[in-house]
There are 2 protein chains.
Amino acid sequence: MNLKQLSEMLGLSQTTVSRALNGYPEVNEATRERVLRAVQETGYRPNKAAQRLATGKAGSIGLVMPTAPGHYSDVHFGEFLTGLGEEAVRHDFHFVIMPADPDDEVGALRRLAISGNVDALFVAYMRGHDPRLPLLKSLSMPFLVHGRSFGTEPDYPYLDIDNEGAFYDATRLLLQLGHRHFCLLNGPGHLDFAIRRNKGVVSALAERGLELPESCVSHMSMTDEHGQLAMERFLQLPEPPTAILCSSTVLALGAIRAVTQAGLKLGEDISLIAHDDVLPHLKPENFSVPLTTTRSSLRAAGVRIAERLIGTVKQDGPFPEQELWKTELIVRASTGAAPR
Amino acid sequence: MNLKQLSEMLGLSQTTVSRALNGYPEVNEATRERVLRAVQETGYRPNKAAQRLATGKAGSIGLVMPTAPGHYSDVHFGEFLTGLGEEAVRHDFHFVIMPADPDDEVGALRRLAISGNVDALFVAYMRGHDPRLPLLKSLSMPFLVHGRSFGTEPDYPYLDIDNEGAFYDATRLLLQLGHRHFCLLNGPGHLDFAIRRNKGVVSALAERGLELPESCVSHMSMTDEHGQLAMERFLQLPEPPTAILCSSTVLALGAIRAVTQAGLKLGEDISLIAHDDVLPHLKPENFSVPLTTTRSSLRAAGVRIAERLIGTVKQDGPFPEQELWKTELIVRASTGAAPR
DNA sequence: GTTCGTTGTCAAAGCGCTTTGGAGTTTCGA
DNA sequence: TCGAAACTCCAAAGCGCTTTGACAACGAAC
């Protein structure tokens with residue numbers, strides 16, 4: 001069933017039917033209702049490709065999903081996507097996901113943009129000096145980035161959390177508890193959030209005249225396995241840490257395993273604060289020793305980003321160009337006074 | 001830059017340029033190279049919407065993502081998607097993801113199909129008597145389901161793992177170890193895999209004249225929190241279990257927490273076998289007591305499904321209509337002889 | 001009675017691509 | 001030398017929709 005058939009069936013022109021469907025005023029209410037009823041009965045749905053071709057819009061936002069045989073799927077990605085979807089469904093928007101080799105993200109993004117398949121772009125996993133930013137700016141298509149790109153002028157629309165502040169606050173709390181030996185279990189070093197969290201820790205330590213030696217920082221993709229490995233290494237250090245900052249509850253999972261296996265008690269021998277993205281399957285309050293965390297909901301960020309992006313496409317704006325969300329520091333049992 | 005501009009630039013007709021690009025034989029090799037070079041230089045990319053309108057195909061597979069404010073994002077979903085993507089990227093296919101209220105999955109699927117946005121459909125999270133199946137069959141669009149639908153004639157293309165066999169084997173192993181009191185920590189009861197795993201356990205027990213009382217089965221969405229709750233309940237039973245079958249390593253995470261907190265030793269006081277989807281962030285060999293599992297890679301299933309689906313669209317087939325993958329039973333330390 | 005807005009409708013152009021049905025050139029065997 | 005068979009290439013139609021510009025029909029205003 002297409003427009004032509006529908007309009008012939010109704011004895012109307014395609015113009016009138018189209019207008020009736022799209023809420024234009026210059027059509028008789030009786031006619032409009034007749035059309036609407038026919039649509040109900042026939043189950044007619046406009047062909048999106050044709051609609052897009054004619055209008056240039058089709059209610060979709062595009063994103064690139066890095067993927068390759070050895071590439072870890074990221075728990076955080078799914079959670080974020082759910083947030084995006086939660087909002088998108090309210091506006092009858094959909095996503096076009098272009099899988100891409102991690103080495104070719106820029107190319108994939110360009111292809112996606114000029115494929116004419118999407119109205120707006122979303123990018124995440126920002127890196128320092130991210131090469132996608134210049135491309136996005138040159139594209140004349142709405143976009144929004146989740147996170148920021150360290151080292152790039154922040155003159156692009158983004159939504160980020162205050163990673164530096166979160167880890168600054170967390171470190172400060174641990175310092176107040178008397179800790180002096182810190183380790184940072186961070187995400188991949190080229191990612192923006194990792195850079196900023198690092199910075200937060202370093203500057204809090206610097207206020208007390210302390211440093212964060214390179215041997216006390218680990219940069220790895222955020223799986224529990226990596227958490228365990230890194231933690232085991234930390235515990236081998238000549239001066240083992242009593243305080244751990246951790247970029248994800250997933251990493252913490254592994255790290256705590258290493259702590260326990262070393263016969264140490266979390267919250268007593270060693271304190272740990274992790275960043276909590278509020279993953280529904282991994283709640284910090286459910287850890288055997290409940291985790292002190294910096295918290296910010298990844299899903300909520302997804303919802304908000306979809307809201308802004310869709311609003312921009314529909315020109316519902318104006319939206320703030322840039323948003324920086326504060327995190328909450330929630331104290332539970334995994335932090336305690338430094339052992340002496 | 002569009003076809004018209006490109007062809008004018010080259011002094012050729014649109015026909016010839018189009019044919020040169022799409023590998024048709026009736027074009028001079030020299031001309032083809034000239035076209036290809038121009039494409040390189042200008043960065044021309046055909047408009048997908050137009051392509052789709054003209055051909056009816058556009059290299060995309062569609063799926064519905066259930067999502068709502070209270071709805072759990074599923075770790076398994078992300079992992080599976082990564083698998084799909086891994087294969088799709090090789091064929092320059094992309095996904096169209098339509099988020100939908102969980103109550104309206106059938107409607108969303110229909111809308112997605114007749115939107116003309118996709119060449120093929122994929123569905124998962126199959127339920128018993130799944131209402132999407134009749135729709136799919138009536139749609140005359142290629143589709144593939146992950147899993148099966150209990151109670152429906154299996155006359156549709158699917159890829160599934162042998163859930164019943166897996167849990168039958170697992171139960172049998174535990175029986176051989178002397179266990180007599182079983183509990184099953186299963187996924188949501190309306191889902192097909194949960195039904196079949198239940199069946200596997202029941203039939204293995206029946207061979208020994210044992211039953212699985214309703215109080216010994218839990219049906220919950222697969223989060224570690226639910227795992228803990230259910231396990232706590234099991235441990236309160238007048239006759240507490242010594243053997244646990246568990247539908248996911250995520251559930252196992254919580255269950256083991258409950259076991260430990262109850263002062264019981266995994267692999268001694270209580271044995272547990274979990275199904276392992278090979279989630280990269282949750283490896284059974286890394287649990288404090290390594291987990292005995294039935295294993296089948298979710299990502300591999302994603303790759304295979306994309307392969308079949310894309311092959312069908314491109315008519316590369318023939319592919320087997322139905323595939324049933326065996327799982328592996330891998331024995332680690334979480335299973336041991338029944339305590340007496 | 002003519003003129004002028006309104007209102008409701010339509011025919012046709014156009015979005016960027018593929019594909020059908022030729023048509024002009026060469027090539028080659030008879 | 002000629003006609004048939006390749007080779008190359010092209011003009012135009014068509015995919016299903018939106019949107020522009022025009023046109024009747026109808027009162028209201030002059």
Side-chain angles (χ1 to χ4, degrees), chain A residues 1-36 38-39 42-60 92 111 113-119 141 313-315, chain B residues 1-36 38-39 42-60 92 111 113-119 141 313-315:
Chain A
M1 172 66 67
N2 58 26
L3 227 210
K4 191 172 173 192
Q5 294 166 353
L6 184 67
S7 56
E8 275 169 6
M9 197 181 106
L10 285 163
L12 290 169
S13 74
Q14 296 188 39
T15 311
T16 303
V17 177
S18 172
R19 292 203 149 132
L21 290 176
N22 294 318
Y24 281 72
E26 57 268 70
V27 42
N28 193 323
E29 267 316 307
T31 311
R32 189 192 304 276
E33 275 186 25
R34 208 155 64 83
V35 170
L36 257 25
V39 167
T42 59
Y44 165 79
R45 282 254 139 191
N47 179 308
K48 287 271 181 189
Q51 232 167 7
R52 156 163 287 282
L53 194 54
T55 62
K57 306 243 163 279
S60 67
D92 197 24
R111 286 198 300 278
I114 61 185
S115 76
N117 256 331
V118 300
D119 299 328
M141 171 175 287
V313 171
K314 289 190 171 174
Q315 314 202 321
Chain B
M1 171 66 69
N2 58 25
L3 227 210
K4 190 172 173 191
Q5 293 166 355
L6 184 67
S7 56
E8 276 169 4
M9 195 181 108
L10 285 163
L12 290 169
S13 75
Q14 296 188 40
T15 312
T16 304
V17 177
S18 171
R19 294 202 146 135
L21 290 175
N22 294 318
Y24 281 73
E26 59 268 69
V27 41
N28 193 323
E29 269 315 308
T31 311
R32 188 191 305 275
E33 276 186 23
R34 206 155 66 85
V35 171
L36 258 24
V39 167
T42 58
Y44 165 80
R45 282 256 139 190
N47 179 307
K48 286 272 182 191
Q51 233 167 8
R52 156 163 287 281
L53 195 56
T55 61
K57 306 242 162 279
S60 66
D92 196 24
R111 287 198 299 280
I114 61 186
S115 76
N117 256 331
V118 300
D119 299 327
M141 170 175 287
V313 171
K314 290 190 172 176
Q315 315 202 319

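What's counted below: heavy atoms across the whole structure, side chains too, no hydrogens, waters or symmetry copies. So that the names make sense, note that chain A is the first sequence line, chain B the second, and so on, each numbered from 1.
Distance check, rounded to the nearest 0.5 Å: CG of A:Asn117 to CZ of A:Arg111 gives 13.0 Å. A distance of 11.0 Å separates CZ of B:Arg32 from CZ of B:Arg19, quoted to the nearest 0.5 Å. A distance of 12.5 Å separates CG in B:Asn2 from CD1 in A:Ile114, rounded to the nearest 0.5 Å.
As a whole-Å value, the separation of B:Met1 CE from C:dC15 P is 16 Å. Distance NZ (A:Lys4) to P (D:dT18): 16 Å, rounded to an integer number of Å. Taking atom CD1 of residue A:Ile114 and atom P of nucleotide C:dC17, one finds them 11 Å apart after rounding to whole Å. Rounded to whole Å, the distance from CG on A:Asn2 to C1' on D:dC17 is 9 Å. Here D:dT8 presents its P atom at 14 Å from CZ of B:Arg34, a figure rounded to the nearest Å. Between the CG atom of A:Leu6 and the P atom of C:dC10 there is a distance of 13 Å, rounded to whole Å. Put simply, CD on A:Glu8 is 11 Å from P on C:dA11, counting in whole angstrom units.
Residues from residues 48-58 of chain B placing a heavy atom under 4.0 Å of any atom in DNA chain D, listed by number, are B:Leu53, B:Ala54. Within residues 19-33 of chain B, the residues having any heavy atom closer than 4.0 Å to DNA chain C are, in order of number, B:Arg19, B:Asn22, B:Tyr24.
Heavy atoms only, all atoms of each residue included: A:Ala30 and A:Asn28 are closest at N-OD1, 3.0 Å. The two residues B:Leu6 and B:Met1 have their closest heavy-atom pair at N-SD, 3.7 Å. Pairing each heavy atom of A:Gly59 with each of A:Asp119, the nearest pair is N-OD2, 2.7 Å. Contact detail for B:Asn47 and A:Gly116: the closest heavy-atom pair is ND2-CA, 4.5 Å. The two residues A:Ala49 and B:Leu53 come nearest to each other via the heavy atoms CB-N, 4.4 Å. Closest heavy-atom contact between B:Val118 and B:Arg52: C-NH2, 3.4 Å.
Nearest-nucleotide positions on DNA chain D place B:Val17 closer to the 5' end than the other of A:Gln14 and B:Val17.
Regarding contacts with the backbone of C:dC10, a side-chain N or O of A:Ser13 is found under 4.0 angstrom from either OP1 or OP2. For C:dC17, the OP1/OP2 oxygens have a side-chain nitrogen or oxygen of B:Tyr44 closer than 4.0 Å.
No donor-acceptor pair under 3.5 Å is formed between the side chain of B:Ser18 and the backbone N or O of B:Gln14. A donor-acceptor pair is defined here as one N or O able to donate and one able to accept, closer than 3.5 Å; such a pair exists between the side chain of B:Thr42 and the backbone of B:Ala38.
Comparing the axis of the opening five pairs of the helix from C:dG1-D:dC30 to C:dA30-D:dT1 with that of the closing five pairs yields an angle of 60°, rounded to 10°.
Looking at the side chain of B:Leu12, the nearest of the listed nucleotides C:dC17, D:dC10, D:dC17 is D:dC10. Side chain of B:Thr15, nearest nucleotide from C:dA11, C:dC17, D:dC10: D:dC10.
For A:Lys4, the NZ atom is loosely surrounded, since the number of other residues' heavy atoms within 6.0 Å does not exceed 12.
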